[in-house]
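The structure appears right after this line, and notes come after that.
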Amino acid sequence: MITVITGASAGIGAAAATQLSRLGHTLVLVGRDAARLEAVAKGLSGPEPDVLTCDFASLDAVRELAATLRERYNRIDVLVNNAGVMSSRRQVTGDGHELMFQVNHLSPFLLTHSLTDRVDKVVTTSSMAGRTGRLDPADLSRERRSWNGWLQYGDTKQANMLFTVALAARGVHATCFHPGVIRTGFAGDTGLMRFYLAIPGLAKSPETGARTLVRLATTPAESGRYYVKARPRRANADPGLAERLWEASLSALNG
């Protein structure tokens, strides 16, 4: 089993890598920080992993990653789109897109679209925040609407759900999931996350958060669905909106 995990240098990505390696998966660990990726790689007990650096804030870097994966692997059993970011401050990438939209949706879209003919299964880390999303395919970076970090984050996590539906409609086995509130540095500068972390027992370990990811990567699951604790749940994912997002994403990449 060849499994590619983005966002593998820490958090649930690293935890999932540990669990999948024990199950015998040959892993490709992808992240921004080579040193942290190497540290994760050294701690794995299974087959020797491949390590590739990529910053999802750069579409050219994602294109280079896709080209490298195509060159090295004729097939990929599982592609785990786990890289993500939450920013309380509006930022725009060098490609001209709002940072969260690009890192959380557009770059995974580009990577997956570039590898569809090689990939058997796609698992994407979404969030319950996607249930609050009000995504507008004509305004993906919220340039013409009210913006704050959690509004944009919710839109991008809804985009993960919609992307899963659109992939499934195209015959790709795709699922997405909510990992729970995880005790990592993710969104640690926001008041909401500090509040969640302060509630006893609410925040879980990365190992706990990775369990659904690992289950979706290793067992049969209904394609096109959103999962919480390994069980399918209702998603904010209208198929018509999923198709409009697909077309808008292609336009954003070609614009």
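Between the side chain of Gln102 and the backbone N or O of Ala57, at least one donor-acceptor pair lies under 3.5 Å. Asn236 contributes a side-chain N or O that, together with a main-chain N or O of Gly133, makes up a donor-acceptor pair within less than 3.5 Å. Thr219 contributes no side-chain N or O that, together with a main-chain N or O of Leu216, makes up a donor-acceptor pair within less than 3.5 Å. Under a 3.5 Å cut-off, the side chain of Asn81 and the backbone N or O of Thr6 do not form any donor-acceptor pair. Checked by atom type and distance alone, the side chain of Arg131 never pairs as donor or acceptor with a backbone atom of Ala235 at under 3.5 Å. In terms of modelled atom types and a separation under 3.5 Å, the side chain of Thr124 and the main chain of Ser126 share no donor-acceptor contact. Listed for the Ser114 side chain is a donor-acceptor partner under 3.5 Å among the backbone atoms of Leu110. Ser127 places no side-chain N or O within donor-acceptor distance of the main-chain N or O of His178, the cut-off being under 3.5 Å.
Ring orientation note: the planes of Trp246 and Phe163 are tilted relative to one another, at an angle of 30° to 60°. The aromatic rings of Phe101 and His105 sit tilted, their planes meeting at an angle between 30° and 60°.
Heavy atoms only, all atoms of each residue included: Leu69 and Leu52 are closest at CD2-CD1, 3.8 Å. Nearest heavy-atom pair across Asn104 and Val85 is OD1-N, 2.8 Å. Annotation for Lys229 and Thr212: closest pair CA-OG1, 3.5 Å, computed over non-hydrogen atoms.
Residues Arg170 and Glu243 are paired through a salt bridge, judged by an N-O separation under 4.0 Å between the basic side chain and the carboxylate. Here Asp136 does not pair with Arg244 in a salt bridge; the nearest charged N to carboxylate O distance is not below 4.0 Å. Ion pairing between Lys121 and Asp77 fails under the 4.0 Å rule for side-chain N and carboxylate O. Asp117 and Arg75 are not joined by a salt bridge, as no carboxylate oxygen comes within less than 4.0 angstrom of a charged side-chain nitrogen.
A side-chain donor from one of Gln152 and Glu98 sits under 3.5 Å from a side-chain acceptor of the other. Side chains of His173 and Ser223: no donor on one and acceptor on the other come within 3.5 Å.
Note: Phe177 and Tyr226 fail the aromatic proximity criterion, with ring centroids not under 6.0 Å apart.
Linking Ile, Leu, Val, Met, Phe, Trp and Tyr whenever their side-chain heavy atoms come within less than 4.5 Å leaves Leu151 and Met128 in two separate clusters. Residues Leu135 and Val165 fall into different hydrophobic clusters, defined by Ile, Leu, Val, Met, Phe, Trp and Tyr side chains chained together at heavy-atom separations under 4.5 Å.
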